[in-house]
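Down below is the structure, laid out as C-alpha cells.
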Amino acid sequence: MLVKRKGITVSRQIMDDQMLHPGATGELTGLLNDLVVAGKIISAEVNMAGLADILGQSGRTNVQGENVQKLDEFANQTIKRRMEQCGHVCVMTSEEDDDIIPVLNGYEGNYTIAFDPMDGSTNIDVNVSVGTIFSIHRRLDGTGQGSATDLLQRGSEQVAAGYIIYGSSTVMVYTTGSGVYGFTLDPSVGEFFLSHPNITIPEHSLYYSVNEAYANHWFDSTRRYVEYLKQADGGNGPYSLRYIGSLVSDFHRNLIKGGVFLYPRDKKSGEKSEGKLRLLYEAAPLAMVVEQAGGRAITDDGRRILDIEPTSLHQRVPLIIGSKKDVDLAEKFLNGEM
Ligand code: FDP
C-alpha cells in the first residue's frame, strides 16, 4: 500500500488542504509542517531509545503526579522548541507542563497548540506503541503572546487535530476539517507518504476497549453497556476486548478496524471522578478526528466532547469514542433507553 501510493507526501497534502481555504495565509501549513519535523525527530529517538539509554524514568513528576519518562521529556522539549520559534503559534500547553508555555518574543503567530507529547508513556519500556496527540486552534483576539484563554476553546473550534503514532511504523493521522488522512514514515528517505487516504471508521464494530479492572467502580449505565457488548449477538456474535492501555494505539486500531474505546468516570476515586483522560490534548483532538472519519465521541453522561467548554488546561473528561453505532448504543444505555 505504502509503495503504491508513494507519490503524495504529507507536506503536499497539507498544501492541498490549504488550497481548500481561499483566504488561507499559509500559517497553518507552516505550523503543521514544523510538527511533521518534530514527529520525525521523536520517531528517530523512539526507535533508538534502548540503544540511546533513554528508556526508563527521569526521576521527575509532572503536573498529574505521574513519573515523567525520559522519552516524554525528549518529546516535550522537541515539540516545544520547534513550536516556540516556528512563527505560527502564540501560546502552547503540554501534558508535561503545569502552566501555559510561551513562545519566543517576536515569533508569535496566530495559532495555539495543545499536545500530549508522548501518550501511553507507561508503555515505553516494553515496546508498545506510543504517540503524540495535538490540537490546534486559531487564537482569539490580540497580538503578541497568547494566554490561557486562547487555549481554553471548545473542540468544535479546532482548525486541525491529529496524532503521530510510533509503532511498527510511524504513522501521522490528521484532519483540518476536510476528511482524515494517514501518512506512513518511510525511514529510508525520511518522508511521510500517504498510506491511508480519506479514512472512515467502520460504522459498527465488534471490538471494545476499556480497562475492565475498574468495572466495580463504574456507574451502572457503563457497566450494563459493557455487559451487553459481551453478550449481545445482534446477528454478529459478542464483542471482543482489545485494550492496549495506550490511548493513541487503542484509538488508531479502532479508527482503522472499527471499535469503541471507553474511559468512563469512576464512582470510587475522587481523582477519576471525571475519568482520566485530558480534554484539551487527548479527548478533543481525537474527537475531531473520529467525527471527521464518521464516528462519534461523547462523555459517559452523554455530552458531545467537541461541545465542552474547557475551564482549565489539564481538565479531565470521561470519554466514549469510536464507531458511530457503538457510541449510539452506549448513548441509549446512558439515557436509560436500554
Ligand atoms: P499513560 O498513563 O501510559 O500515559 O492518558 C494516559 C494513558 O496512558 C492513556 O494513553 C491510556 O489509555 C490510559 O492512560 C491508561 O490508563 P489505565 O492504566 O488506567 O487503563
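We count ligands from 1, going down the list as the structure has it; atoms in each ligand are counted the same way.
Every atom of ligand 1 with a heavy atom of Asp119 under 4.0 Å away is listed here by number and element: 5 (O), 6 (C), 9 (C), 10 (O). Counting atoms of ligand 1 from 1 in the listed order, those under 4.0 Å from a heavy atom of Tyr263 are 16 (O), 17 (P), 19 (O), 20 (O). Counting atoms of ligand 1 from 1 in the listed order, those under 4.0 Å from a heavy atom of Tyr214 are 17 (P), 18 (O), 19 (O). For ligand 1, the atoms sitting less than 4.0 Å from at least one non-hydrogen atom of Leu247 are 9 (C), 10 (O), 11 (C), 12 (O), numbered in the order shown with element in parentheses. In the vicinity of Leu277, heavy-atom distances shorter than 4.0 Å reach the ligand 1 atoms 5 (O).
For Lys40, the side-chain contact (heavy atoms from CB on, under 4.5 Å) partners two or more places apart in sequence, or in a different chain, are Val36, Leu185, Glu191, Phe192.
At a 4.0 Å heavy-atom cut-off, ligand 1 touches Thr122 through backbone and side chain alike. Using a 4.0 Å cut-off between heavy atoms, Ser246 contacts ligand 1 through its backbone alone, with no side-chain atom that close.
Side-chain atoms of Arg224 come within 3.5 Å of backbone N or O of Met338 as a donor-acceptor pair. Side chain of Ser135 to backbone of Tyr281: no donor-acceptor contact under 3.5 angstrom is found. For the pair Glu27 (side chain) and Asn110 (backbone), a donor-acceptor distance under 3.5 Å is present. In this structure, Thr175 contributes its side chain and Val289 its backbone to no donor-acceptor pair below 3.5 Å.
Sequence neighbours left out, the pairs with a member in residues 114-173 that pass ring pair (Phe, Tyr, Trp, His ring centres under 6.0 Å) are Tyr163-Phe251, Tyr163-His252.
Residue Val248 has no N or O atom closer than 3.5 Å to an N or O atom of ligand 1. Ligand 1 has no N or O atom lying under 3.5 Å from any N or O atom of Met118, backbone or side chain. Checked against a 3.5 angstrom limit, the closest N/O atoms of Asp250 and ligand 1 fall outside it. Between Tyr243 and ligand 1, a contact under 3.5 Å exists for at least one N or O pair.
Closest to atom 13 (C) of ligand 1 by heavy atom, among Lys276, Glu282, Arg316, is Lys276.
Within the 4.0 Å heavy-atom shell around ligand 1 one finds Arg278.
Taken from CZ in Arg154 to CD in Glu309, the straight-line distance is 5.0 Å, to the nearest 0.5 Å. Atom CG in Asp150 sits 14.0 Å away from atom CD1 in Ile113 (nearest 0.5 Å). Between Asn33 atom CG and Arg82 atom CZ the span is 10.5 Å, to the nearest 0.5 Å.
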